[in-house]
4 protein chains.
Amino acid sequence: MAEHTALLFSIATGSPDPIYRQLIEQVKRLCAAGVLKPGDTLPSVREVAQALAVNPMTVSKAYNLLEMEGVLERLRGQGMQVAQRRRQGKGEREALLRPALERAAREARQLELDDATILELFKQVLKEAT
Amino acid sequence: MAEHTALLFSIATGSPDPIYRQLIEQVKRLCAAGVLKPGDTLPSVREVAQALAVNPMTVSKAYNLLEMEGVLERLRGQGMQVAQRRRQGKGEREALLRPALERAAREARQLELDDATILELFKQVLKEAT
Amino acid sequence: MAEHTALLFSIATGSPDPIYRQLIEQVKRLCAAGVLKPGDTLPSVREVAQALAVNPMTVSKAYNLLEMEGVLERLRGQGMQVAQRRRQGKGEREALLRPALERAAREARQLELDDATILELFKQVLKEAT
Amino acid sequence: MAEHTALLFSIATGSPDPIYRQLIEQVKRLCAAGVLKPGDTLPSVREVAQALAVNPMTVSKAYNLLEMEGVLERLRGQGMQVAQRRRQGKGEREALLRPALERAAREARQLELDDATILELFKQVLKEAT
DNA sequence: GTGGTCTAGACCACC
DNA sequence: GTGGTCTAGACCACG
């Protein structure tokens with residue numbers, strides 16, 4: 001149950017925001033979506049670090065912050081697991097998506113593209129990302 | 001001729017993003033909103049620096065980057081002015097929008113929201129951003 | 001004889017090199033080509049400045065430097081004229097052109113374009129510039 | 001791991017063009033020449049700054065601009081590396097070359113050289129620049 | 001007057 | 001360790 005999740009994580013090296021933040025938000029989204037369920041164990045720091053070619057300290061930092069936020073729980077000597085009662089309704093998941101959509105909308109406005117074009121392009125992108 | 005725009009800029013000292021970025025975004029927004037029109041001259045580096053109690057180099061960096069992006073033009077010895085709309089083709093503008101859409105799509109997938117929900121939410125966000 | 005030459009000058013506002021340098025090199029080329037012949041009078045500082053929408057001091061600086069170089073001569077109270085013995089052979093004119101060609105060649109190499117493509121493009125540009 | 005590239009850089013203190021530009025051109029040339037290959041890491045800002053007795057910000061500015069141009073990539077906490085050749089399309093590369101060719105053409109016209117001569121000279125320059 | 005460059009030295013975030 | 005940001009203050013080129 002540890003090797004199946006390593007593939008769930010990915011980082012965008014070209015992104016402006018730090019790796020540990022990318023990891024944190026990914027875990028949160030996966031929990032919100034139910035892909036990661038309460039009680040699931042997460043891949044070890046070393047596994048993730050190796051799979052993503054990242055410094056272990058970076059992964060550790062993400063896990064620590066997630067523990068402080070109550071998203072994860074430390075299993076003394078056995079890694080981390082998803083904390084209880086983190087299941088989120090559709091509304092909450094939509095709220096998590098909003099920032100990214102708002103950013104896209106803001107940029108679209110500045111580029112002066114009309115809504116039809118924007119939506120069409122987004123549909124296309126969504127299809128590719130399936 | 002100095003009082004016309006100095007008040008347009010403001011910075012949030014406690015903000016996570018750097019001052020020069022805040023300035024850049026502001027100029028872009030002012031241009032997009034039509035407050036700054038092509039041909040308008042901007043307050044000098046020194047004026048802005050003094051008005052905001054910031055180092056001139058910081059303002060200079062913002063102006064510089066805005067020039068590189070084609071938003072501003074240097075007026076040799078007379079400061080900077082808003083560039084004539086070198087309106088890019090629609091295809092190019094769509095390409096510029098793609099990264100933001102792709103990011104949103106990736107996050108939406110991880111949240112396991114269905115396409116209809118995602119698109120509906122995006123339409124709503126777009127409407128709010130008008 | 002003063003109004004016919006004003007049109008000979010032009011400046012590229014987007015160019016990285018200063019206006020007075022652009023003017024200097026243009027006068028040199030026009031002299032080398034024989035368009036401006038020894039004894040020809042040049043348009044006054046004021047005329048050029050107005051025609052190009054440039055600060056008169058800038059034009060004046062160019063004229064002064066050209067006088068120092070011996071390209072122009074001051075006609076006490078009657079403007080400047082092209083100095084004697086400045087007619088140049090074809091070889092010298094080619095030498096004047098070289099820097100621009102070398103720059104283009106260097107950039108072309110960095111862009112990894114093959115010679116045939118480069119030359120074809122240049123022929124096209126030459127035709128447009130006729 | 002520090003001695004491999006420090007010696008590659010050098011600056012001409014008496015040069016008309018700024019230090020950061022000299023560094024930029026050098027890196028580009030080293031990349032073009034194959035001395036620096038995609039994936040190679042560059043000496044750190046501090047190393048270069050010390051080796052050249054220059055302010056770190058100056059080196060940083062050069063690296064920064066090279067990143068914006070896509071020549072270098074940031075390696076989060078591990079310095080900069082030469083970017084993977086994101087080879088642009090031929091059309092785009094030709095567009096990038098045009099300005100230099102147009103400038104050369106304009107100058108050639110003012111020198112009143114005939115097209116055959118110009119092209120012959122350009123071929124020669126191209127051969128020398130190989 | 002304008003912006004451009006550079007310095008010396010500080011502090012911060014990230015890995 | 002890495003690069004990023006900012007400051008204070010200097011000097012220069014251009015118009």
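Not measured: the values here are computed from a predicted model. Note on naming: letters A, B, ... go to the chains in the order of the sequence lines (proteins, then strands), and numbering restarts at 1 for each one.
Distances from the side chain of B:Ile19 to the nucleotides E:dG3, F:dT7, E:dT7 place F:dT7 closest.
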Please produce a list of atom pairs where a protein N or O lies less than 3.5 Å from an N or O of nucleotides 8-13 of chain E.
from  : atom 1 : to      : atom 2 : distance (Å)
E:dA8 : N7     : D:Asn55 : ND2    : 2.4

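In this structure, the separation between OH on C:Tyr63 and CZ on C:Arg74 is 10.5 Å, given to the nearest 0.5 Å. In this structure, CG in B:Leu52 is found 10.0 Å from OG1 in B:Thr58, a value given to the nearest 0.5 Å. The CE atom of A:Met80 lies 4.5 Å from the CG atom of A:Leu72; values are rounded to the nearest 0.5 Å.
Shown here are the side-chain hydrogen bond (donor to acceptor under 3.5 Å, both in side chains) partners of A:Thr13, two or more places apart in sequence or in another chain: there are none. Legend: residues meeting side-chain hydrogen bond (donor to acceptor under 3.5 Å, both in side chains) with D:Asn55, ordered by chain and number and at least two apart, are absent.
Rounded to an integer number of Å, the gap from CG of D:Leu75 to P of F:dG3 is 10 Å. What separates CD1 of C:Ile24 from P of F:dG15 is a distance of 11 Å, to the nearest Å. Note: CG (D:Leu65) to P (E:dC6) measures 11 Å, nearest angstrom. Nucleotide F:dG3 holds its P atom 15 Å from the CE atom of D:Met68, rounded to whole Å. In this structure, B:Leu52 atom CG and F:dC6 atom C1' are separated by 14 Å, rounded to whole Å. Taking atom CZ of B:Arg76 as the reference point, atom P of F:dC12 lies 21 Å away to the nearest angstrom. In this entry the distance linking CD of B:Glu47 with C1' of E:dG3 reads 13 Å, nearest Å. Following rounding to the nearest Å, D:Gln50 (CD) and F:dG3 (C1') show an atom-to-atom distance of 17 Å.
Between C:Arg21 and D:Gly79, it is D:Gly79 whose nearest contact on DNA chain F lies nearer the 5' terminus. Position along DNA chain E of the nearest nucleotide to D:Asp17 versus B:Gly77 favours B:Gly77 as the more 5'-ward residue. With DNA chain F read from its 5' end, the first of the two nearest nucleotides for B:Gln78 and D:Met80 is the one closest to D:Met80.
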What donor-acceptor contacts under 3.5 angstrom involve side-chain atoms of residues 23-35 of chain B, with partners at least two apart or in another chain?
from    : atom 1 : to      : atom 2 : distance (Å)
B:Glu25 : OE2    : B:Arg21 : NH1    : 3.2
B:Gln26 : OE1    : B:Ser10 : N      : 2.9
B:Gln26 : NE2    : B:Ser10 : O      : 2.5
B:Lys28 : NZ     : B:Glu69 : OE1    : 3.0
B:Lys28 : NZ     : B:Glu69 : OE2    : 3.3

Output side-chain donor-acceptor pairs under 3.5 Å for residues 96-106 of chain A, partner residues at least two apart or in another chain, one line each.
from     : atom 1 : to       : atom 2 : distance (Å)
A:Arg98  : NH1    : A:Glu102 : OE2    : 2.7
A:Arg98  : NH1    : B:Glu128 : OE1    : 3.4
A:Arg98  : NH2    : B:Glu128 : OE1    : 3.3
A:Arg98  : NH2    : B:Glu128 : OE2    : 2.9
A:Arg103 : NE     : A:Glu107 : OE2    : 3.3

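Remark: B:Thr58 is not in phosphate contact with F:dT5, judged by side-chain N or O atoms under 4.0 Å from OP1 or OP2. Contact between the side-chain N/O atoms of B:Ser60 and the OP1/OP2 oxygens of E:dG3 is not found at any separation under 4.0 Å.
Secondary structure note: stems in DNA chain E built from 3 or more consecutive Watson-Crick or G-U wobble pairs under 3.5 Å occupy E:1-14 with F:1-14.
Other residues, nucleotides and ligands place more than 12 heavy atoms under 6.0 Å from the CD atom of C:Glu73.
Side-chain atoms of A:Gln81 do not come within 3.5 Å of backbone N or O of A:Leu42 as any donor-acceptor pair.
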